[in-house]
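A short worksheet on the structure shown next.
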Amino acid sequence: ARIDCDADNHVFDQIAPLNDWGRVYLALPFNRRRDLFRIVAAEDSTTLKLDCGTPVTLDAGEVHSVFLRSPTLISADRPVAVAQISLGQLCGGSQGDPSMLVLAPLSHRTRYVPFLSPRKTHASNPGRLYFAEHFINLACNTDDVSDVRLDGVSIASEFRPLPADPGYSWAVVEVGE
């Protein structure tokens, strides 16, 4: 990915196969960041909407790019893929390296997601802080908020309804090591 910002990290990810593309995504910019979202259409004449905004028409392989700072519902009438590109601390608004994440459509929900939050310091230099903060972005149906647990503890109070569609809720949660 070309990121027009000073950074010395390479950014890559593998896009999902076409049969895994979806029609509805929830774009959650990383904490205190302005992220670039790139949306590519699988078919000609795909109508794309961000929240309740003006529709955009894309043909197969065509990309729509948009910078977002707040949670946004991305919907299309045909399959699309969505990539989130975090620009890094020199352009994105907070500490961190550039990165890219291929989003899963909301139709691909799961009940259990294991993940690892890296240590804040490195064993080779324990006095140097490598990761000052750790956050996770979460999205679910609003009806399911009370079922969401982190390390076995309810985090329902962290969720907010999505303004464009209160049927979905989102949260950005700080986590430890």
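Please read all numbers here as calculations on a predicted model, not as lab measurements.
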I need the minimum non-hydrogen distance between Pro105 and Trp21, along with the two atoms involved.
CG-C, 4.3 Å
CG/Leu28 to CD/Gln84 distance, rounded to the nearest 0.5 angstrom?
7.5 Å
For Thr46, does its backbone N or O pair with a side-chain atom of Thr57 as donor and acceptor, under 3.5 Å?
no
Correct closest heavy-atom pair for Ala60 and Ala42 would be CB-O, 3.5 Å
Just by distance, do the side chain of Asn137 and the backbone of Val172 share a donor-acceptor pair under 3.5 Å?
no
Measure the SG-CG distance between Cys52 and Leu73 for me, rounded to the nearest 0.5 Å.
8.0 Å
Hey, does Ile39 have a side-chain heavy atom less than 4.5 Å from the side chain of Leu50?
yes
With a 3.5 Å distance limit and no angle check, can you tell me whether Arg38 reaches the backbone of Val63 through a side-chain donor-acceptor pair?
no
Hey, is the main chain of Ser70 close enough, under 3.5 Å, to the side chain of Thr72 for a donor-acceptor pair?
yes
Closest heavy-atom pair, Leu26 versus Trp170, reported as atoms and distance to 0.1 Å, is CD2-CB, 4.0 Å
Does the Asp51 side chain pair with the main chain of Gly53, one donor and one acceptor, at a distance under 3.5 Å?
no
Side chain to side chain, Leu150 and Ile136, heavy atoms closer than 4.5 Å:
yes
Run the side chain to side chain contact (heavy atoms under 4.5 Å, CB included) test on Asn141 and Tyr168 for me, step by step, so that the C-alpha distance in whole Å, both residues' side-chain angles and the decisive distance to 0.1 Å come before the verdict.
CA-CA 4 Å; Asn141 289 340; Tyr168 297 109; 3.4 Å; yes
Heavy atoms, side chains only, cut-off 4.5 Å: are Phe30 and Leu101 in contact?
yes
Is there a side-chain contact between Arg23 and Pro79 (heavy atoms, below 4.5 Å)?
yes
List the atom of Cys140, the atom of Val148, and the distance in Å for their closest heavy-atom pair.
SG-CG2, 4.1 Å
Can you tell me how far the OG1 atom of Thr47 sits from the CZ atom of Arg78, to the nearest 0.5 Å?
7.0 Å
Approximate separation, where rounding is to 0.5 Å, of Ser169 OG and Leu162 CG:
8.0 Å
Residues Ile74 and Ala27: closest non-hydrogen pair is CD1-CB, 3.8 Å
On a heavy-atom basis, the closest approach of Asp35 and Pro29 is OD2-CA, 3.4 Å
When rounded to the nearest 0.5 angstrom, what distance separates CG in Leu58 from CD in Glu43?
12.0 Å
So for atom CG, which belongs to Asp151, do other residues, nucleotides or ligands contribute more than 12 heavy atoms lying within a distance under 6.0 Å?
no
Atom OH in Tyr25, atom OG in Ser107: separation rounded to 0.5 Å?
7.5 Å
Hey, does Leu36 have a side-chain heavy atom less than 4.5 Å from the side chain of Ser65?
yes
Kindly work out whether a path of hydrophobic side-chain contacts (I/L/V/M/F/W/Y, heavy atoms less than 4.5 Å apart) joins Leu18 to Ile15.
yes
If we ignore hydrogens and angles and just use 3.5 Å, is the side chain of Thr142 paired with the main-chain N or O of Pro166 as donor and acceptor?
yes
